[in-house]
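Worksheet: one structure, shown below.
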Amino acid sequence: MIKTDVVVIGAGPVGIFVVQQLGLIGLKAEVVDNLDKIGGQCIELYPDKPIYDIPALPVCTGESLTKNLLEQIKPFKNNFHLNQRVESISKEQDGWKIQTSEKKTFISPNIIIAAGVGSFEPRKFTVKEAEKFENNGVFYSIKDKNYFKNKKVSIFGGGDSALDWAIEISKFAEVTLVHRRNEFRGAEHSSTIVRQLEKEGKLKIKTPYQLSSIEGEDKVSSITIKNEDGKIEKIPTDCVLGFFGLIMKLGPIAEWGLNLDKKTIPVNTESFQTNKKGIFAIGDICSYPGKLKLILSGFHEGALAARACFKLARPNEKYRFEFTTTSKTLQERLGVKKSD
Ligand SMILES: Cc1cc2nc3c(=O)[nH]c(=O)nc-3n(C[C@H](O)[C@H](O)[C@H](O)COP(=O)(O)OP(=O)(O)OC[C@H]3O[C@@H](n4cnc5c(N)ncnc54)[C@H](O)[C@@H]3O)c2cc1C
């Protein structure tokens, strides 16, 4: 059980920046994200694209923005809990209880939902056996590549993830790469490498094929693939990996008793509190008259939500507005030397 001042749901740009705003006023935050990396849409959807409307940064990329935001929150030494979705929240005597899909539990007087358009979830196999074997032979992400050592691994997909993992895993396992088209979508350089590895007999490629079924009792023993002409092949397999991209789902947020308006959470613009005391929503997920789904709006929303969190986290203290330029307290929290 982790006790903290604020649990932030979502490590997108807005979720990261609010950690800085909370840290400046002396509040500790724990951030949870479903993805295996920090940065939300900026990192998942457009890491290399230029962004031109972040104040005082004439141009940056999704990746460089994330890197700079992380640099800015370094002094506050907060924790990120990745690869897990916040599943449930409930009201307890000493605050909100927040539970994740990895069975982590937090207790906090405040929750800030910075969940964007919902959690990014992998697009899954549609064959019925896939669910039965999920995380026991069927995977959509890789936490530890050593798990696949010396196994028979069938990898599905034609994008960068499928190609990159096929190249990497073929170094220590028997890999078959299956894709529904003859051409791969991933980087040309990676396509060239997999074709070369096939020529060298280091991996097998099956195109244009799709998964038809997964066989096995307690664990996966083989898969059956099928092409458009009805040709069927059975491949002995220990592990099946699917890399079909991500979809965005509001997910469990819809079940937390919050008012919703077209997959967004209405808030008041004074504190960004939702219809529940101590639960705030900022960034793309919140809605109010005039809302702009821009990163800069999320930063402002976070600044106000952070101040509102102070009241519940420090009920016996008075919040004092201060500038970072002149406040000794804020500069101490930032770990910078005050210049005279
Ligand atoms: C192609 C593209 C270009 C864009 N260009 C610009 C631009 O030039 N300027 C601009 O200002 N904006 C731009 N945007 C919009 C901008 O990316 C979003 O406004 C911004 O990412 C919103 O940030 P956020 O932190 O609110 O949410 P997100 O970035 O969506 O992050 C939310 C995070 O919450 C996580 N999450 C959700 N639910 C849960 C849960 N239950 N448990 C755990 N984690 C959860 C998600 O996995 C995700 O990582 C662009 C968007 C796209 C798609």
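In each ligand, atom 1 is the first atom listed, and ligand 1 is the first ligand listed.
For Gly251, the closest heavy-atom approach to ligand 1 does not fall below 4.0 Å. Close to ligand 1: Pro13, with a non-hydrogen atom less than 4.0 angstrom away. Lys49 does not count as a contact of ligand 1, since none of its heavy atoms falls under 4.0 Å from the ligand.
Only the backbone of Gln84 comes within 4.0 Å of ligand 1, judged by heavy-atom distances. With a 4.0 Å cut-off on non-hydrogen atoms, Asp53 touches ligand 1 through its side chain and not its backbone. At a heavy-atom cutoff of 4.0 Å, ligand 1 is contacted by the side chain of Ile9 but not by its backbone.
The ligand atoms of ligand 1 that sit less than 4.0 angstrom from a heavy atom of Val86 are 40 (C), 41 (N), 42 (N), 43 (C). Ligand 1 places these atoms under 4.0 Å from at least one heavy atom of Arg85: 40 (C), 41 (N), 42 (N), 43 (C). Shown in contact with Lys293 at under 4.0 Å from a heavy atom are these atoms of ligand 1, numbered in order with element: 19 (O). Atom numbering of ligand 1 starts at 1 in the shown order; those under 4.0 Å from a heavy atom of Gly116 are 26 (O), 27 (O), 28 (P), 30 (O), 32 (C). Near Ile51, meaning under 4.0 Å from one of its heavy atoms, ligand 1 places the atoms 7 (C), 8 (O), 9 (N). Every atom of ligand 1 with a heavy atom of Gly283 under 4.0 Å away is listed here by number and element: 26 (O). Atoms of ligand 1 found under 4.0 Å from any heavy atom of Ser119, numbered from 1 in the order shown, are 36 (N), 37 (C), 38 (N), 39 (C), 45 (C), 46 (C), 47 (O). Of all atoms in ligand 1, listed by their number and element, those nearer than 4.0 Å to a heavy atom of Leu45 are 53 (C).
Residues Val7 and Ile112 form no side-chain contact, since every pair of their non-hydrogen atoms from C-beta on lies 4.5 Å or further apart. Residues Thr329 and Glu322 have side chains in contact (heavy-atom distance under 4.5 Å, counting atoms from C-beta outward). Residues Lys206 and Phe156 form no side-chain contact, since every pair of their non-hydrogen atoms from C-beta on lies 4.5 Å or further apart. Two residues are said to be in side-chain contact when any heavy atoms from C-beta on lie closer than 4.5 Å; Ile282 and Phe299 fail this criterion.
For atom 43 (C) of ligand 1, the closest non-hydrogen atom on the protein side is Asn34 N, 3.4 Å. Protein heavy atom nearest atom 34 (O) of ligand 1, with residue, atom name and distance: Gly10 CA, 3.2 Å. The single protein non-hydrogen atom nearest to atom 49 (O) of ligand 1 is Asp33 OD2, 2.7 Å, given as residue, atom name and distance. Looking at atom 25 (O) of ligand 1, its nearest protein heavy atom turns out to be Val14 N, 3.1 Å. With respect to atom 15 (C) of ligand 1, the closest heavy atom belonging to the protein is Tyr46 OH, 3.9 Å. Protein heavy atom closest to atom 26 (O) of ligand 1, with residue, atom name and distance, is Asp284 N, 3.1 Å. In this structure, the protein non-hydrogen atom closest to atom 30 (O) of ligand 1 is Gln41 NE2, 2.8 Å. Atom 11 (O) of ligand 1 has as its closest protein heavy atom Ile295 N, 2.9 Å.
Applying the salt bridge (charged side-chain N to carboxylate O under 4.0 Å, His left out) rule to Lys152 yields no partners; only residues at least two apart in sequence or on another chain are considered. By the salt bridge (charged side-chain N to carboxylate O under 4.0 Å, His left out) test, Glu270 pairs with no residue at all, sequence neighbours left out.
Proximity of a side-chain donor or acceptor of Thr274 to a complementary backbone N or O of Ile279 within less than 3.5 Å is detected.
Using a 3.5 Å distance cut-off with no hydrogens or angles, the side chains of Glu30 and Asn79 do pair a donor with an acceptor. Using a 3.5 Å distance cut-off with no hydrogens or angles, the side chains of Ser161 and Asp164 do not pair a donor with an acceptor. Side-chain atoms of Tyr319 and Arg307 form a donor-acceptor pair, as typed in the model, at a separation below 3.5 Å.
Using bins of under 30°, 30° to 60° and over 60° for the plane-to-plane angle, the ring pair Phe184/His179 lands in the parallel bin. Ring planes of Phe244 and Phe125: perpendicular class, angle over 60° (limits at 30 and 60°).
Using a 4.0 Å cut-off between charged nitrogen and carboxylate oxygen, Arg185 and Asp160 do not count as a salt-bridge pair. Ionic pairing of Lys74 and Glu71 is present here: one or more N-O contacts between side-chain nitrogen and carboxylate oxygen are shorter than 4.0 angstrom. Ion pairing of Glu63 with Lys37 is absent here, as no side-chain N (NZ or NE/NH1/NH2) approaches a carboxylate O to less than 4.0 Å.
Considering backbone and side-chain atoms alike, Tyr52 places every N or O at 3.5 Å or more from each N or O of ligand 1. Ligand 1 has no N or O atom lying under 3.5 Å from any N or O atom of Leu294, backbone or side chain. Where the criterion is an N or O separation shorter than 3.5 Å, residue side chain and backbone included, Trp256 fails it with respect to ligand 1.
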